[in-house]
There are 2 protein chains.
Amino acid sequence: MGATKLDIYDQNITDIAMIAKVFAHPARVAILQYISNQEACICNDIVDEIGLAQPTISQHLKVINDAGLLHGNYKGKSLCYCLNIDRFKAFQELLNSFFNTTQTNCC
Amino acid sequence: MGATKLDIYDQNITDIAMIAKVFAHPARVAILQYISNQEACICNDIVDEIGLAQPTISQHLKVINDAGLLHGNYKGKSLCYCLNIDRFKAFQELLNSFFNTTQTNCC
DNA sequence: TTTTATCATCGTAATATTGCAATATTACAT
DNA sequence: ATGTAATATTGCAATATTACGATGATAAAA
């Protein structure tokens, strides 16, 4: 009990849910917005910007990264996280395809 | 510790996160898809369709309803849930506005 | 090489979510 | 009013998430 029953849903449904989960925490939305607005995107800057501890930010970054939304390059001693814009746009399209195939048929 | 710190984020960021949370569970995505594809949308049908117990479905419906995504009409002895399509489209636009203002500036 | 700065991982406590059985409520038919 | 079918609520156990201090790893600088 307690755990999500993943085996009973269609693949496209679990895909939508997994994408939405990335955006389902304000820290991750804020991180994504921040990264996309900066030229250099160093993790410690995010810690300063958002009022959360460094391990917490790092944990959220891992969730975002596991979803394939980041790629990082080393620049000096700081890690530069950048948005994987192709993946990001693919997420947008998947969500829109769900929204657009949904209609109201009754009431 | 453990609870999301909601007070440190901009309103639009928490809005996006709250919307995404509704779609962040496959049961809720499946319910929304199912409702939108049926002519009559009775809860017990959803229980049969998705392999979850009636109280669990009812709980997920409450989350969807609390987000303003449903309106219900009574039809005979069964409750007819219907998609609040205006709210649904508003959700889509908010998500798209977030996606569209996000760019990649480095790496 | 030692220090320093930056980011990741581990361990853990607090809180939230998920799922269901039992029970309550609601609306309708009789 | 009473019975019945459909949905909601409650209470609880299992699991997941969030947050952070302590610690570890890595790379540049001293």
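In the text below, chain A, chain B and the rest are named by the order of the sequence lines, each starting its count at 1.
B:Val63 and B:Leu61 sit in two unconnected hydrophobic clusters of ILVMFWY residues. Membership requires side-chain heavy atoms under 4.5 Å apart, directly or through other members.
Contact between the side-chain N/O atoms of B:Tyr81 and the OP1/OP2 oxygens of D:dA8 is found at a separation under 4.0 Å.
Whole-Å rounding puts the B:Tyr9 OH to D:dT18 P distance at 10 Å. Rounded to an integer number of Å, the gap from B:Asp66 CG to C:dT17 C1' is 15 Å. What separates CG of A:Asp45 from P of C:dT6 is a distance of 9 Å, to the nearest Å. Here C:dT23 presents its P atom at 15 Å from CD of B:Gln54, a figure rounded to the nearest Å. Atoms CD1 (A:Ile57) and C1' (D:dT18) sit 12 Å apart, rounded to a whole Å. Nucleotide D:dT15 holds its C1' atom 14 Å from the NZ atom of A:Lys5, rounded to whole Å.
Pairing each heavy atom of A:Val47 with each of A:Ala53, the nearest pair is CG1-C, 4.5 Å.
When the salt bridge (Lys or Arg N to Asp or Glu O under 4.0 Å) test is applied to B:Lys5, no partner is found at least two apart in sequence or on another chain.
Within the structure, salt bridge (Lys or Arg N to Asp or Glu O under 4.0 Å) contacts touching residues 88-101 of chain A (residues at least two apart or in different chains) do not occur.
Side chain of B:Pro55, nearest nucleotide from C:dA8, D:dA19, C:dA21: C:dA21.
Contacts between residues 58-65 of chain A and DNA chain D, counted as heavy-atom distances below 4.0 Å, involve A:Gln59, A:His60. For residues 11-33 of chain B, proximity to DNA chain D is found at no residue, defined as any non-hydrogen atom under 4.0 angstrom from a strand atom. A heavy-atom distance below 4.0 Å to DNA chain C is reached by these residues of residues 46-53 of chain B, ordered by number: B:Leu52, B:Ala53.
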Side chains of residues 9-32 of chain A: which donor-acceptor partners sit under 3.5 Å, not counting sequence neighbours?
| residue | atom | partner | partner atom | Å |
| --- | --- | --- | --- | --- |
| A:Gln11 | NE2 | A:Asp15 | OD1 | 3.0 |
| A:Thr14 | OG1 | A:Gln11 | O | 2.8 |
| A:His25 | ND1 | A:Ala27 | N | 3.0 |
| A:His25 | NE2 | B:Thr4 | OG1 | 3.1 |
| A:Arg28 | NE | A:Val22 | O | 2.9 |
| A:Arg28 | NH1 | A:His60 | ND1 | 3.1 |
| A:Arg28 | NH2 | A:Lys21 | O | 3.0 |

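When heavy atoms are screened at a 4.0 angstrom cut-off, B:Thr4 is found touching the sugar-phosphate backbone but no base atom.
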Next item on the list: Tell me, with the steps shown, if B:Asn96 and A:Gln92 meet side-chain hydrogen bond (donor to acceptor under 3.5 Å, both in side chains).
Entry: CA-CA 7 Å; B:Asn96 274 320; A:Gln92 182 178 17; 2.8 Å; yes
